[in-house]
Amino acid sequence: MLASVQKNPWRLLLAINVAVIVGVFIHKIKLPPYVPYIHLLVDYHFGFIKRALIGAIVALFTARVPVWLVFALGGTTWLITLGLYARLFQKTFGFTQKTLPLFVFIAGSPFFLKNFMHTLGHFDIYGCALAIILLLMPAGSLLFVATAALFSIILVLIHHIHLLMYVPTIITIVVTRHYLAHGLNRGNLVVGIIALAAISALFFAAQFLGTMPIPEADFVAYLKTRMVDPSRTDLLQFSYIWYQPLAKEIADTWAWLPHNSLGLPVFALLIWLHTPLWRYFAKLIGALASETHRRLVIAALVGISLAYLVMFAMVFDYSRWISNWAVCMVLILHAVKMLPARQEAALIPEGDQKTNVFGLIITLIPRVGIVRPF
């Protein structure tokens with residue numbers, strides 16, 4: 001039996017991943033929710049401001065926000081994302097013994113579901129969930145393009161940094177699933193241009209016009225009226241982010257850069273541990289039937305990576321950014337698999353010893369973190 005597990009450990013690794021996720025959740029609920037909680041308090045009470053959509057939706061259902069709602073809402077979103085990704089994997093690859101190593105490398109990656117559990121309540125996961133829905137829904141009509149535009153607008157209203165974090169991936173999904181598959185015509189071209197213009201205008205409005213229009217002391221006083229326990233002022237320590245200009249964010253990021261950049265070798269190591277996954281992705285791209293499709297996919301991957309590079313220069317939550325970059329690569333992998341191919345790309349091998357070791361290591365890593373590794 002031991003020899004069988006050593007040769008084909010993927011079911012065991014999947015079970016270990018489940019246990020690790022449970023452990024991450026238990027650890028998470030013992031930590032103060034800080035930023036995720038304050039995001040549930042901020043709404044449009046004082047007019048249009050950035051980062052307020054989630055709080056505005058919560059305000060429709062309750063006047064006072066309990067702390068446990070951070071975990072209830074975040075946990076529900078996490079479970080929905082898990083279900084959506086399981087359905088996407090089944091649709092794209094199917095659940096078989098041969099596809100199990102691929103599933104473990106993706107779903108068991110510390111970049112993906114485990115890190116979303118660690119960042120429970122943050123806004124990152126919404127971009128992932130909406131992108132998965134676009135990968136699941138039919139893409140033949142203009143409704144698909146319009147839905148993608150609506151999702152992008154929602155994400156920018158949740159947090160304007162989504163313009164760099166998940167909107168480029170959504171654009172890539174739209175291009176690969178709609179424009180490459182069904183061709184370019186006047187109708188879908190006009191809709192696409194209008195959508196890009198609207199999303200860009202909303203981003204600039206949120207970034208430069210979405211600052212809280214009242215003094216911070218008055219803002220904090222209002223937030224206390226939305227709290228079940230107003231004495232928990234420790235949960236309001238990040239109220240300054242609704243006042244901080246872009247120049248200050250960039251200055252803080254560069255001030256911390258020498259310290260935070262010490263984690264870059266760790267990120268590089270984590271990426272290297274996913275080598276079997278990246279090799280399979282490269283094979284998928286190489287197997288595409290059209291040279292034009294291959295070039296466009298590579299250009300899209302470069303564009304998405306450049307957007308994350310800009311984020312690295314602006315905001316120092318490096319562990320979150322590198323994790324979401326890896327998630328975007330996985331989402332594009334699924335989109336590429338849906339394009340016409342001249343041949344089937346060989347899956348991640350089941351019995352390769354080096355691949356097994358890499359799979360075990362990434363399974364045992366519980367998450368990547370928020371700012372610095374782990």
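These figures come from a predicted structure and were not determined experimentally.
- Shown here for His160 and Ala206, the closest heavy-atom pair between the two residues is CB-CB, 4.0 Å.
- Exactly one residue among Ile332, Leu331, Leu84 makes a side-chain contact (heavy atoms from CB on, under 4.5 Å) with Leu135. That residue is Leu331.
- Atom CG in Leu143 sits 10.5 Å away from atom NE2 in His178 (nearest 0.5 Å).
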Donor-acceptor pairs under 3.5 angstrom involving side-chain atoms of residues 265-274: please list them, not counting sequence neighbours.
unit_1 : atom_1 : unit_2 : atom_2 : d
His274 : ND1    : Leu270 : O      : 2.7
His274 : NE2    : Ser109 : OG     : 2.7

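- Here the CG-OG1 distance, from Leu69 to Thr76, works out to 9.0 Å after rounding to the nearest 0.5 Å.
- By the neighbour-count criterion of 12 heavy atoms within 6.0 Å, atom CD of Glu344 is sparsely surrounded, having that number or fewer from other residues, nucleotides or ligands.
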Next item on the list: For His39 and Tyr34, run side-chain hydrogen bond (donor to acceptor under 3.5 Å, both in side chains): C-alpha distance rounded to whole Å, both residues' side-chain angles, the deciding distance at 0.1 Å, then the answer.
Entry: CA-CA 9 Å; His39 269 87; Tyr34 293 131; over 6 Å; no

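- Taken to the nearest 0.5 Å, the CD atom of Glu249 stands 15.0 Å off from the CH2 atom of Trp254.
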Could you list the donor-acceptor pairs under 3.5 angstrom formed by side chains in residues 210-220, with sequence neighbours left out?
unit_1 : atom_1 : unit_2 : atom_2 : d
Glu216 : OE2    : Ser239 : OG     : 2.8
Glu216 : OE2    : Tyr240 : N      : 3.4

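- From Phe203, atom CZ reaches atom CG of Leu155 across 13.5 Å, with rounding to the nearest 0.5 Å.
- Taking the side chain as every heavy atom from C-beta outward, Phe116 and Thr77 never approach each other to under 4.5 Å.
- No hydrogens or angles considered: a donor-acceptor pair under 3.5 Å links the side chains of Asn324 and Tyr166.
- Sorted by first and then second residue, the pairs that involve residues 25-49 and meet salt bridge (Lys or Arg N to Asp or Glu O under 4.0 Å), not counting sequence neighbours, are Asp43-Arg226.
- Contact between His162 and Asp124 at its shortest, heavy atoms only, is CE1-O, 3.9 Å.
- Arg177 forms a cation-pi arrangement with Phe144, by the criterion of a distance under 6.0 Å to the ring centre and an angle within 45° of the ring axis.
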Notebook entry, point to check: Does the pair Thr253 and Phe312 meet the rule for a side chain to side chain contact (heavy atoms under 4.5 Å, CB included), with working shown?
Noted result: CA-CA 8 Å; Thr253 299; Phe312 263 67; over 6 Å; no

Notebook entry, point to check: When you look at Glu350 and Asn356, which way does the side chain to side chain contact (heavy atoms under 4.5 Å, CB included) test go after all the steps?
Noted result: CA-CA 8 Å; Glu350 300 174 63; Asn356 292 353; over 6 Å; no

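- No single ILVMFWY cluster, assembled from side-chain heavy atoms under 4.5 Å apart, contains both Leu14 and Val22.
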Next item on the list: Evaluate the criterion ring-ring contact (aromatic ring centres under 6.0 Å, His included) for residue pair Trp10 and Phe105; output intermediate values, then yes/no.
Entry: CA-CA 10 Å; Trp10 302 103; Phe105 266 96; 5.8 Å; yes

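- Judged by distance alone, the side chain of Thr99 and the main-chain N or O of Phe93 form no donor-acceptor pair under 3.5 Å.
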Check: Yes or no on side chain to side chain contact (heavy atoms under 4.5 Å, CB included) for Ile173 and Thr169, after CA distance, side-chain angles and deciding distance?
Finding: CA-CA 6 Å; Ile173 291 171; Thr169 297; 4.1 Å; yes

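- Scanning all heavy atoms of the two residues, the minimum distance from Cys128 to Thr81 falls at SG-CG2, 4.0 Å.
- Listed here is the closest heavy atom pair of Met165 and Cys328: O-SG, 3.4 Å.
- Contact check on Asp352 versus Lys354 returns no salt bridge, with no Lys/Arg side-chain nitrogen under 4.0 Å from an Asp/Glu carboxylate oxygen.
- Listed for the Lys50 side chain is no donor-acceptor partner under 3.5 Å among the backbone atoms of Leu157.
- Listed here is the closest heavy atom pair of Lys114 and Ile21: CG-CG1, 3.5 Å.
- The shortest non-hydrogen separation linking Ile16 to Leu364 is CG2-CD2, 4.1 Å.
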Next item on the list: I would like to know whether Leu40 and Ile54 meet side chain to side chain contact (heavy atoms under 4.5 Å, CB included); could you show each step before the answer?
Entry: CA-CA 6 Å; Leu40 300 188; Ile54 298 296; 3.5 Å; yes

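- The backbone N or O of His159 lies less than 3.5 Å from no partner atom in the side chain of Arg51, so there is not a single donor-acceptor pair.
- For the pair Arg320 and Phe123, the distance from NZ or CZ to the six-membered ring centre is under 6.0 Å and the angle to the ring normal is within 45 degrees.
- Between Phe89 and His334, the ring-plane angle classifies as perpendicular under the 30° and 60° cut-offs.
- The cluster map of Ile, Leu, Val, Met, Phe, Trp and Tyr, joined by side-chain heavy atoms under 4.5 Å apart, puts Leu296 and Ile193 in the same cluster.
- Between Trp325 and Trp278, the two ring planes are tilted [angle within 30° to 60°].
- A centroid separation of 6.0 Å or more is found between the aromatic rings of Phe25 and Phe71.
- Between the side chain of Arg64 and the main chain of Met227, a donor-acceptor pair closer than 3.5 Å is present.
- Interatomic distance, Phe358 CZ to Thr355 OG1, rounded to the nearest 0.5 Å: 7.5 Å.
- One distance of note links NZ of Lys224 with OG1 of Thr233; it measures 6.0 Å at 0.5 Å rounding.
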